[in-house]
K.L.:
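Got a structure for you, written out below as structure tokens; questions coming shortly.
Quick note: residue numbers are just sequence positions, from 1. Everything numeric here is computed off the predicted structure, so don't read it as measured data.
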Amino acid sequence: AAPTAPAPATTAAARPPTPTGAPSAAPPGLAHATVTRVIDGDTIEVSLGGATRAVRLILVDTPEIGGPVECFGAEARDFVRALLPAGTPVALERDVSDVDRYGRLLRYVHLADGRLLNEVLLAEGYARLATFPPDVARVERFRVAEVAARAAGRGLWAACAAHSPAPAAPAPAGAPSAGTPAIISLTSPVSPRGTARLAARTTPSASCAIRYVTPAGTVSDAQGLVAKVADAAGDVGWSWTIGSATRPGTGTVTVTCAGASASAPIEIR
């Protein structure tokens, strides 16, 4: 999620943290920090070495709370707030990259009980898996947590219809090969600075790429538009932020898996 101003505290009680998520043996040499506040479901602020730093959790994406609040965004933030009140000690682990384009540290966050916060969010259904190479060391382990949460209908997988695409219809006679992706859902219309989400289905484990062309005819280089691999059910998805200067009109999103492509219009308002 892009940096957002802190949302006001909600009156509803956050869901108590649960023990879902396997403890992980923490590697040596981690940076030890203290939580100062929770910004949203996938971004926290810590005190580290005498400085205050924002930390973006690797491999997860929680619904947005900046601007229009997305389904389960407030719940994800409140869950993390309940798990990490100010003053909570955490250990930070780097993958490959140090910071993102906003200057936030990119880290796995180790909890005192040995679990990884990133994995807990996936296992509890507060986040979706989001891959941004080269920071993918734990992607397969995290994918297992997401698949289990989805199968069990936890969190956003039950609460948010946009995250629960219907099964793909059987292919008609003469249809393209099984590798041809089917676009199951796409956010449209979407506003500048809003988040677009696309879900597709293809052959399990197929390598897929996405291409978004803006209404002006420009190929977008937004952070979320990266190559991914479909999961064991053949599902693959992306989310990205529409640029603030994007003019209204109709653009195009194309998903290509194993050499076959499917396209859909996306309206920007």
K.L.:
Give me the atom names and distance for the closest heavy-atom approach of A130 to D61.
P.N.:
CB-CB, 3.8 Å
K.L.:
Taking only residues two or more places apart in sequence or in another chain, which ones pass side-chain hydrogen bond (donor to acceptor under 3.5 Å, both in side chains) with S220?
P.N.:
none
K.L.:
Testing the basics here: between V190 and A196, what is the closest heavy-atom pair and its distance to 0.1 Å?
P.N.:
CG2-N, 4.3 Å
K.L.:
Do any pairs count as a salt bridge (Lys or Arg N to Asp or Glu O under 4.0 Å) and have a residue in residues 181-190, sequence neighbours left out, and if so which ones?
P.N.:
none
K.L.:
Which heavy atom of S191 sits nearest to which heavy atom of I242, and what is that distance?
P.N.:
O-CB, 3.7 Å
K.L.:
Using a 4.5 Å cut-off on heavy atoms from C-beta on, say whether the side chain of L117 contacts that of E119.
P.N.:
no
K.L.:
What pairs with A33 under side chain to side chain contact (heavy atoms under 4.5 Å, CB included), at least two apart in sequence or on another chain?
P.N.:
V46, L48, V90, L92
K.L.:
Drop me the distance from D78's CG to L83's CG, to the nearest 0.5 angstrom.
P.N.:
12.5 Å
K.L.:
Please check this pair: side chain of R128 against backbone of W238, looking for a donor-acceptor N/O pair closer than 3.5 Å.
P.N.:
no
K.L.:
Could you give the distance from NE2 (H110) to CZ (R115), rounded to the nearest 0.5 Å?
P.N.:
13.0 Å
K.L.:
Under 4.5 Å between side-chain heavy atoms, counting indirect links through other Ile/Leu/Val/Met/Phe/Trp/Tyr residues: same cluster for L129 and W240 or not?
P.N.:
no
K.L.:
Test side-chain contact (heavy atoms from CB on, under 4.5 Å) on L198 and T187; report intermediate values, then the result.
P.N.:
CA-CA 7 Å; L198 181 147; T187 306; over 6 Å; no
K.L.:
Got a second to check how far C71's SG is from L156's CG, nearest 0.5 Å?
P.N.:
7.0 Å
K.L.:
Minimum heavy-atom separation for V60 to R56, with atom names?
P.N.:
O-NH1, 2.8 Å
K.L.:
Give me the atom names and distance for the closest heavy-atom approach of A74 to V69.
P.N.:
N-CG1, 4.3 Å
K.L.:
Indicate yes or no: does E70 engage R197 in a salt bridge with an N to O separation below 4.0 Å.
P.N.:
yes
K.L.:
Does D135 reach the main-chain N or O of S97 with its side chain, forming a donor-acceptor pair under 3.5 Å?
P.N.:
yes
K.L.:
Roughly how far, to the nearest 0.5 Å, is the CD1 atom of I183 from the OG1 atom of T202?
P.N.:
11.5 Å
K.L.:
Supply the atom-to-atom distance L116 CG to R107 CZ, rounded to the nearest 0.5 angstrom.
P.N.:
14.0 Å
K.L.:
Is it true that R104 and D98 have a side-chain N and a carboxylate O under 4.0 angstrom from each other?
P.N.:
no
K.L.:
Among D100, V55, L57, find the residue that satisfies the side chain to side chain contact (heavy atoms under 4.5 Å, CB included) test when tested with L105.
P.N.:
V55
K.L.:
Which pairs would a plain distance check flag for residues 206-217, meaning a side-chain donor or acceptor within less than 3.5 Å of a matching protein atom at least two apart in sequence or in another chain?
P.N.:
residue : atom : partner : partner atom : Å
T214    : OG1  : A216    : N            : 3.3
T214    : OG1  : T218    : N            : 3.2
T214    : OG1  : T218    : O            : 3.4

K.L.:
Go through the steps for V80 and D42 under the test side-chain contact (heavy atoms from CB on, under 4.5 Å), then give the verdict.
P.N.:
CA-CA 8 Å; V80 179; D42 53 35; over 6 Å; no
K.L.:
Between R94 and L106 (side chain of the first, backbone of the second, donor and acceptor by atom type, cut-off under 3.5 Å), is there such a pair?
P.N.:
no
K.L.:
Applying ring pair (Phe, Tyr, Trp, His ring centres under 6.0 Å), which residue pairs with at least one partner in residues 39-58 are found, sequence neighbours left out?
P.N.:
none
K.L.:
Looking at Y108, I'd like to know if the NZ or CZ of R138 sits under 6.0 Å from its six-membered ring centre while staying within 45 degrees of the ring's axis.
P.N.:
yes
K.L.:
Using the side chain to side chain contact (heavy atoms under 4.5 Å, CB included) criterion, which residues pair with A76? Sequence neighbours excluded.
P.N.:
T62, Y126
K.L.:
Do R141 and E146 meet the salt-bridge criterion of a basic N to acidic O distance under 4.0 Å?
P.N.:
no
K.L.:
Which residues pass the side chain to side chain contact (heavy atoms under 4.5 Å, CB included) test with V136, not counting sequence neighbours?
P.N.:
L59, T131, P133, V139
K.L.:
Would you indicate whether the side-chain heavy atoms of D40 and T43 approach each other to under 4.5 Å?
P.N.:
yes
K.L.:
Would you compute the distance between atom CZ of R150 and atom CG of L122 and round it to the nearest 0.5 angstrom?
P.N.:
13.0 Å
K.L.:
Can you pull the ring pair (Phe, Tyr, Trp, His ring centres under 6.0 Å) pairs that have at least one residue in residues 246-269, sequence neighbours excluded?
P.N.:
none
K.L.:
In terms of hydrophobic clustering (I, L, V, M, F, W, Y; side-chain heavy atoms under 4.5 Å; direct or indirect links), are I58 and F79 co-clustered?
P.N.:
yes
K.L.:
Would you call E124 and R154 a salt bridge, using N to O less than 4.0 angstrom?
P.N.:
no
K.L.:
Which pairs of donor and acceptor atoms, one on a side chain in residues 248-269, lie under 3.5 Å apart (sequence neighbours left out)?
P.N.:
residue : atom : partner : partner atom : Å
T254    : OG1  : S263    : OG           : 2.8
T256    : OG1  : S261    : OG           : 2.7
E267    : OE2  : R269    : NE           : 3.1

K.L.:
What's in the same ILVMFWY side-chain cluster as V96, cut-off under 4.5 Å, chained through other members?
P.N.:
none
K.L.:
Establish whether F72 and W157 are linked, either directly or via other cluster members, by ILVMFWY side-chain heavy-atom contacts under 4.5 Å.
P.N.:
yes
K.L.:
Report all side-chain donor-acceptor pairs from residues 223-233 shorter than 3.5 Å, counting only partners two or more places apart or in another chain.
P.N.:
residue : atom : partner : partner atom : Å
K228    : NZ   : G237    : O            : 2.7
D231    : OD1  : A233    : N            : 2.8
D231    : OD1  : G234    : N            : 3.0
D231    : OD1  : D235    : N            : 2.8

K.L.:
Under a 3.5 Å distance rule, please check whether T246 uses its side chain to pair with a backbone N or O of G243 as donor and acceptor.
P.N.:
yes
K.L.:
Determine the minimum heavy-atom distance between T195 and S239, stating which atoms define it.
P.N.:
CG2-CB, 4.1 Å
K.L.:
My understanding is that only residues two or more places apart in sequence, or in another chain, count here; which of them pass salt bridge (charged side-chain N to carboxylate O under 4.0 Å, His left out) with R53?
P.N.:
none
